[in-house]
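First listed ligand is number 1; within each ligand, the first listed atom is number 1. By convention here, the first residue in the shown sequence is residue 1.
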Amino acid sequence: MLSSARMTNLIDGRAVATKVYAELREQIGNSKAHGATPGLAVLLVGDDPASRAYVRAKDKMCRELGLYSVKLELPATTTQRELLARVEELNRDDSIHGILVQSPPPKHIDEAAIVRALDPAKDVDGFHPVNVAKLVLGDGSGFVPCTPLGCLRLLRETGVGLAGANVVVLGRSMIVGKPMALLLMRKGIDATVTVAHSRTKNLPQLCARADVLIAAIGQPQFVSSDFVREGAVVIDVGINRVDDPGSERGYRLVGDIDFEAVAPIARAITPVPGGVGPMTISMLMANTIKACRQLTRH
Ligand code: NDP
């Protein structure tokens with residue numbers, strides 16, 4: 001339980017996501033007034049329970065917002081060729097503006113080849129090489145991966161000045177760390193970014209120089225108070241299951257940050273759950289609406 005003093009520095013991802021949805025409802029109304037209903041297709045191959053839950057949540061949110069939603073659940077035996085054929089159908093379908101293939105697909109699927117087969121104009125996850133290149137080039141017509149986009153929105157909501165700020169991004173994955181760093185160093189955002197990873201030396205000292213620390217490493221509660229300068233803004237992307245025999249499910253979710261130790265010294269911090277998580281799906285909806293506007297040119 002958080003004390004009320006600590007609650008004041010909590011970045012509430014659910015509240016920010018609610019604000020985003022209010023903005024998106026307005027944009028959806030606008031699209032519909034132009035005769036276009038933004039449409040998202042989510043492809044799921046296999047029956048991984050976590051993936052199923054993510055796909056259900058995306059479909060539910062589309063419906064709540066009044067978007068057109070297609071959920072394609074394919075058996076684990078689906079071949080690469082069959083999956084490519086479905087992607088190509090969706091590429092050609094004018095009622096679909098965003099397509100994503102839920103990760104991870106079964107082992108026999110070449111995920112990178114599937115991503116390359118997506119029409120980049122419908123790649124709302126922002127993983128296609130064309131969209132990666134657009135992010136590097138600072139071309140705003142591209143799609144930025146949803147989690148870093150959500151983190152940026154959370155930072156903006158805290159009011160922290162990013163221009164010239166020292167930001168340390170912990171983790172260099174293509175889904176979070178790298179796009180996060182590229183986004184923050186963009187002209188107009190102008191942060192000074194350091195990217196750290198598993199081979200980085202003197203990690204606590206490096207992180208402790210940061211005005212903003214973003215952790216995306218998938219290591220439960222790894223970042224202790226030694227990593228955090230007093231007054232820093234801390235964004236915890238990590239979602240990790242740890243055993244908790246006392247809970248109904250037998251586990252609980254924790255981030256990459258040791259929240260109890262870091263919260264008292266941070267200027268602002270995201271909780272897990274309820275921080276970055278809710279933002280990711282809201283940014284997927286935002287990217288779908290953007291794709292619709294770009295494809296229908298209004
Ligand atoms: P990856 O496993 O793809 O990447 C992890 C990165 O962290 C790698 O760059 C790795 O370094 C680095 N790393 C791992 N251990 C350490 C360490 N001890 N010290 C320093 N760096 C380390 O993970 P993702 O980026 O996909 O995800 C990271 C976390 O974010 C996970 O917990 C995931 O569940 C969560 N996540 C949450 C989302 C959300 O919506 N909230 C969305 C996506 C992910 P190296 O490159 O050297 O191996």
Side-chain angles (χ1 to χ4, degrees), residues 10-17 20 42 48-51 53-58 61 100-105 111-112 115 124-127 132 135 143-155 157 167-184 193-210 213-224 226-228 234-243 251-259 262 269-287:
L10 205 62
I11 308 171
D12 183 345
R14 290 196 184 101
V16 178
V20 170
V42 181
D48 175 61
S51 296
Y54 285 132
V55 169
R56 255 200 320 274
K58 288 166 187 174
M61 189 45 74
L100 72 86
V101 181
Q102 184 63 45
S103 198
E111 193 174 8
V115 169
V124 285
D125 259 344
F127 298 156
V132 177
L135 176 57
F143 295 99
V144 177
C146 302
T147 300
L149 214 48
C151 293
L152 180 64
R153 176 66 190 252
L154 289 177
L155 287 171
E157 292 287 329
V167 180
V168 172
V169 178
L170 254 176
R172 56 175 165 181
S173 74
M174 286 306 296
I175 299 175
V176 191
K178 266 187 209 158
M180 187 78 250
L182 287 164
L183 199 54
L184 288 164
V193 185
T194 306
V195 180
H197 46 76
S198 66
R199 307 296 298 272
T200 301
K201 289 184 184 149
N202 304 324
L203 204 51
Q205 293 89 324
L206 182 89
C207 292
R209 292 210 307 259
L213 177 62
I214 302 173
I217 54 176
Q219 304 288 335
Q221 299 171 310
F222 179 85
V223 175
S224 66
D226 294 348
F227 289 62
V228 181
V234 180
I235 304 287
D236 192 351
V237 182
I239 303 179
N240 311 289
R241 278 185 182 193
V242 293
D243 290 342
Y251 68 88
R252 67 195 160 90
L253 297 179
V254 298
D256 292 339
I257 308 279
D258 180 348
F259 184 88
V262 171
I269 183 167
T270 57
V272 177
V276 175
M279 292 304 294
T280 297
I281 192 157
S282 74
M283 292 298 126
L284 174 66
M285 301 296 125
N287 274 352

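- Side-chain contact between Val223 and Val234 is absent, with no heavy atoms from C-beta onward closer than 4.5 Å.
- Contact of the Ile175 side chain with the Pro145 side chain is not registered, since no non-hydrogen atoms from C-beta on lie closer than 4.5 Å.
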Validation: residues 215-222 side-chain donor-acceptor distances under 3.5 Å, sequence neighbours left out:
none

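- At a heavy-atom cutoff of 4.0 Å, ligand 1 is surrounded by Thr147, Gly171, Arg172, Ser173, Val176, His197, Ser198, Leu203, Ala216, Ile217, Gly218, Gln219, Phe222, Val237, Gly238, Ile239, Asn240, Val276, Gly277, Thr280.
- Under the 4.5 Å side-chain criterion, counting only non-hydrogen atoms from C-beta, Val115 is not in contact with Val101.
- Screening residues 215-224 for salt bridge (charged side-chain N to carboxylate O under 4.0 Å, His left out) gives no qualifying pairs among residues at least two apart or on separate chains.
- With sequence neighbours left out, Val272 forms a side chain to side chain contact (heavy atoms under 4.5 Å, CB included) with Asp236.
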